[in-house]
Participant: 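I'd like to ask some things about the structure below.
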2 protein chains.
Amino acid sequence: MEPDITIIAALIGDPSRSRMLLALMSGKALTATELALEADITAQTASGHLAKLVESQLLIVRKQGRHKYFQLNGQDVAQLIEQLMNLSVSINPAAIATGPADQDLRDSRICYDHLAGSLGVSLYDSLIQEGHLLGHGENTELTESGKEFFARLGVNFDDWHKSKRPLCKACLDWSERRNHLAGKLGNWIIEDVFSKKWAVKDLDSRIVRFSPAGLEAFCKKYKIART
Amino acid sequence: MEPDITIIAALIGDPSRSRMLLALMSGKALTATELALEADITAQTASGHLAKLVESQLLIVRKQGRHKYFQLNGQDVAQLIEQLMNLSVSINPAAIATGPADQDLRDSRICYDHLAGSLGVSLYDSLIQEGHLLGHGENTELTESGKEFFARLGVNFDDWHKSKRPLCKACLDWSERRNHLAGKLGNWIIEDVFSKKWAVKDLDSRIVRFSPAGLEAFCKKYKIART
DNA sequence: TCCACAGTTCGATTCACACCGAAGCAAGAT
DNA sequence: ATCTTGCTTCGGTGTGAATCGAACTGTGGA
């Protein structure tokens, strides 16, 4: 009887599958063919892999017309992958390529459903600085001042109490090795950014591309010091 | 360019290796043979696995005599495995392994050929406290006062100079996360305990079982404060 | 109705790697 | 010195799994 962690780790421990999972870290739901392209394998092979990932409940799938949309099965899975990246970075720091495309990824990217990268870290720092957030390790708490601040921005906290997903959560950022904001509030912030058209998701990567004006507005809104 | 997380996940995703890693999650440092037994494979196969785990820096190894002690490379690795266990439980709640309450093992056990566990740590602390021992990291030195103290107990240091084995050495205790005394002196102490019948070795484990009177005598001899 | 496209199933191939037996090496023990 | 023990190296075997070509199902559009 082999431990269950073996099965999960073995699923991630295949190059094609881990490429798919990384692609899904953008939070977007992708079709089977898109994932096959991402992993650089044929559709047949991808189909087999995806079936396994769904069966093991690492992914969930939604059928829409003749497409099948896959996404990570919740925050737990995303967090596990993030943790794996953390460890691989701390073991092999040279592995972080320093290409120009990579720089954008480090600046601001999607981590499942919230903002990561140096901008995400700056946001977190600023919220702490302003007294809106209290951070103790992995757990984070919104202060009264923070509740007021976000209520003024249009957040309706009452609606959120129904969900069991934590309001705030710190997520360790692999490129910065510091916390950024996850949880429902982290998700709200990035959705707010998109709805205001301050930034758009890059088509086939996890990069979040801010417009110059959007970046300025964002930094002003959250009192982030520009570098 | 395959992502690094693939490599790490693949390492964990082998039944034999994950059994070893789980065994090491107890915090204990284990030898190659112990791990081979744990994984139910031959020593040769285990040796190959362990080499990979060390090369990839998931494990660290310490050579002590002809034994090789393996342990998890820090908290990061332990945390990743913990995370994997969490996910597998949330996916498959049926498999809940209840860890054996090895309190006796934590209290006092054999570590290669000397005393470990909370009692071993207390002994080390007391020797430092009394000024018999000087500890700088892994290296430890017997003071003049210490030499006198042990000479009075019957140790003949002259005979020991022939051996190249270090007289004193600190050995990291993983249940306690603190040093205990290894080296020839550490061995002498535990042999002394056995010869005085203050304690006996448990048959199939590394537990050292003190008699009530033996424990009292031991603590008095080394001025260990009883808790 | 026919075609195009998304995804799956089947069969065959190929290859990596976990595994063990045997032998070798190193470090204590006797 | 000789034996025992812990670990490693080498060579050969076998199995599992990833892969793709080809053919099939099902959906949507022309």
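In what follows, every chain begins at residue 1, and chains take the letters A, B, ... in the order their sequences are listed.
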Participant: Please list, chain by chain and in numerical order, all residues satisfying side chain to side chain donor-acceptor pair (under 3.5 Å) with B:Gln83, sequence neighbours excluded.
Facilitator: A:Gln83
Participant: Figure out the NZ/P separation between B:Lys68 and C:dC25, and round it to whole Å.
Facilitator: 17 Å
Participant: On DNA chain C, nearest-nucleotide positions of A:His67 versus A:Gly48: which is more 5'?
Facilitator: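 Its nearest nucleotide being more 5', the pick is A:His67.
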Participant: What is the distance, to the nearest angstrom, from the CZ atom on A:Arg62 to the C1' atom on C:dG7?
Facilitator: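 About 17 Å, once rounded to whole Å.
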Participant: Within the 4.0 Å limit for protein heavy atoms, which parts of nucleotides 17-28 of chain D are touched? Write it as a string from 5' to 3', B for base, S for sugar-phosphate only, - for none.
Facilitator: -SSBBB----BS
Participant: Taking atom types as modelled, is there a side-chain donor on B:Ser126 or B:Gln129 under 3.5 Å from an acceptor on the other?
Facilitator: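 Distance-only check fails for B:Ser126 and B:Gln129.
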Participant: Nearest-Å distance, CG (B:Leu50) to C1' (D:dG6)?
Facilitator: 13 Å
Participant: Fit a plane to each ring of B:Phe150 and B:Trp188, take the angle between them on a 0 to 90° scale, and name the class: parallel (under 30°), tilted (30 to 60°) or perpendicular (over 60°).
Facilitator: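 It falls in the perpendicular class, over 60°.
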Participant: In whole Å, I'd like the distance from the CZ atom of B:Arg19 to the P atom of C:dA18.
Facilitator: 14 Å
Participant: Expressed in angstrom and rounded to an integer, what is the separation of A:Leu59 atom CG from C:dG7 atom P?
Facilitator: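 Going from CG in A:Leu59 over to P in C:dG7 covers 14 Å.
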Participant: Between P on C:dA6 and CZ on A:Phe70, what's the gap in Å once rounded to a whole number?
Facilitator: 14 Å
Participant: For the CG atom of A:Leu59 and the CE atom of A:Met20, what is their distance to the nearest 0.5 Å?
Facilitator: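 The CE atom of A:Met20 is 9.0 Å from CG of A:Leu59, to the nearest 0.5 Å.
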Participant: Measure the spacing between CZ of B:Arg17 and NZ of B:Lys52 and express it to the nearest 0.5 Å.
Facilitator: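 B:Arg17 CZ to B:Lys52 NZ: 5.5 Å, rounded to 0.5 Å.
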Participant: Going by salt bridge (Lys or Arg N to Asp or Glu O under 4.0 Å), name the residues that satisfy it together with A:Arg66, two or more places apart in sequence or in a different chain.
Facilitator: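 Checked A:Arg66 against salt bridge (Lys or Arg N to Asp or Glu O under 4.0 Å); zero matches.
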